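The next block holds one structure in the form of structure tokens; read it before the comments.
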Number of protein chains: 2
Amino acid sequence: MNKDFFTCSNCPMTRTMATIGSKWKPIIIYALGERTLRFGQILVRIEIISKKVLTDQLKELEEDGIINRIAYKEIPPRVEYHLTEKGLELLPILNLMTLWNAKYSEQE
Amino acid sequence: MNKDFFTCSNCPMTRTMATIGSKWKPIIIYALGERTLRFGQILVRIEIISKKVLTDQLKELEEDGIINRIAYKEIPPRVEYHLTEKGLELLPILNLMTLWNAKYSEQE
DNA sequence: GATACTGGTAACAATAAAGTAACCACTAAT
DNA sequence: ATTAGTGGTTACTTTATTGTTACCAGTATC
């Protein structure tokens, strides 16, 4: 009985998925990249995401320290988002994943 | 207007998420690792996953060429699963993700 | 003959995630 | 006075994902 026995309560993968394992989060992070984008710009880039979902996901990503939100006190409002250091470190990993996927997507 | 304009229909991240972006898939892949495991063994390792969900996810992973399923014609039945080359290549990437997550999980 | 074993399946229930549509605040310009 | 512009929120509906329970096949053992 080896000690790497898999238990979900503190399985690293389970915990990681709890942070970025959702339909939209990796997409948002990827869309943001190294840019600073306004709410509306993200909305346009991801095209088919809804306002509400984007709001929700951005909020969660901010809570998890993956993105930074800066609201300027202007009218009409301007809110900018960009990845934190933590978020930026995720970028190359997500990139590897898309490369992996692309590599095996040639048969289509 | 630069050409990396983000369109979801063929956004690499969106497509990658379609393959492995579910609550359980990364966990199953991670649990499998380089081992060959029987259905029941995976079930025990992941503890809280249900039979049905595991069945479903394994089926999809097999369809996507990420795992191999070998059914021995024995009674009681014996079915073994292991990662394909494609699946194995995903392992280090998932590993990076758990490392990333662990790095920023110290505050808890 | 009853029971255990394994890897499922079927029918269904519950939950979580995502989507829709209307609305709001506040200012500037028409 | 009305409309546009931005970044939301609210209430609600729909859809997707997960989970539950009971059951099955077919052989071996008690």
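Both backbone and side-chain heavy atoms feed into the values below; hydrogens, waters and symmetry mates do not. Owing to the predicted nature of the structure, the values given are computational and were not obtained by experimental measurement. In what follows, chains carry the letters A, B, and so on, assigned in the order in which the sequence lines appear, proteins first and then strands, with residues in each chain numbered from 1.
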| said: Under 4.0 Å, heavy atoms only, any strand: does B:Gln41 hit a base, just the sugar-phosphate, or nothing? | reply: nothing
| Between B:Met13 and A:Thr98, which heavy-atom pair has the shortest distance, and what is it? | SD-CG2, 3.6 Å
| message | Going 5' to 3' along DNA chain D, between which two nucleotides do contacts with chain A fall, using a heavy-atom cut-off of 4.0 Å? | response | D:dG5 to D:dA11
| note | Comparing nearest nucleotides in DNA chain D, the 5'-proximal residue of the pair B:Ser50, A:Arg38 is A:Arg38
| query | Which of these, B:Leu90, B:Asn95, B:Ile46, sits in a side-chain contact (heavy atoms from CB on, under 4.5 Å) with B:Tyr30? | reply | B:Asn95
| task | Starting at CG of A:Leu61, measure out to CD of A:Gln57 and round the result to the nearest 0.5 Å. | result | 6.5 Å
| Any salt bridge between B:Glu80 and B:Arg78, counting N to O under 4.0 Å? | yes
| Atom CD of A:Glu34 with >12 non-hydrogen neighbours under 6.0 angstrom | no
| Matching residue for B:Ile49 among B:Thr55, B:Leu43, B:Val44 - test: side-chain contact (heavy atoms from CB on, under 4.5 Å) | B:Leu43
| task | Report whether B:Ile48 and B:Leu58 are members of the same hydrophobic cluster (ILVMFWY, side-chain heavy atoms less than 4.5 Å apart, transitive linking). | result | yes
| For B:Lys59 and A:Lys51, take the nucleotide of DNA chain C holding the closest heavy atom to each; which residue's nucleotide lies nearer the 5' end? | B:Lys59
| note | chain A reaches DNA chain C, atoms under 4.0 Å from its heavy atoms, from C:dA18 to C:dT27
| message | What contact category does B:Tyr81 fall into here, base, sugar-phosphate, or nothing, at under 4.0 angstrom with non-hydrogen atoms? | response | sugar-phosphate
| request: Could you check A:Lys23 against A:Pro77 and say which one's nearest nucleotide on DNA chain C is further toward the 5' end? | output: A:Lys23
| task | Determine the contact category for A:Lys73: base if any of its heavy atoms lies under 4.0 Å from a base atom, sugar-phosphate if only primed atoms, P, OP1 or OP2 are that close, otherwise nothing. | result | nothing
| Separation of B:Tyr104 OH from A:Ile66 CD1 (nearest 0.5 Å) | 10.0 Å
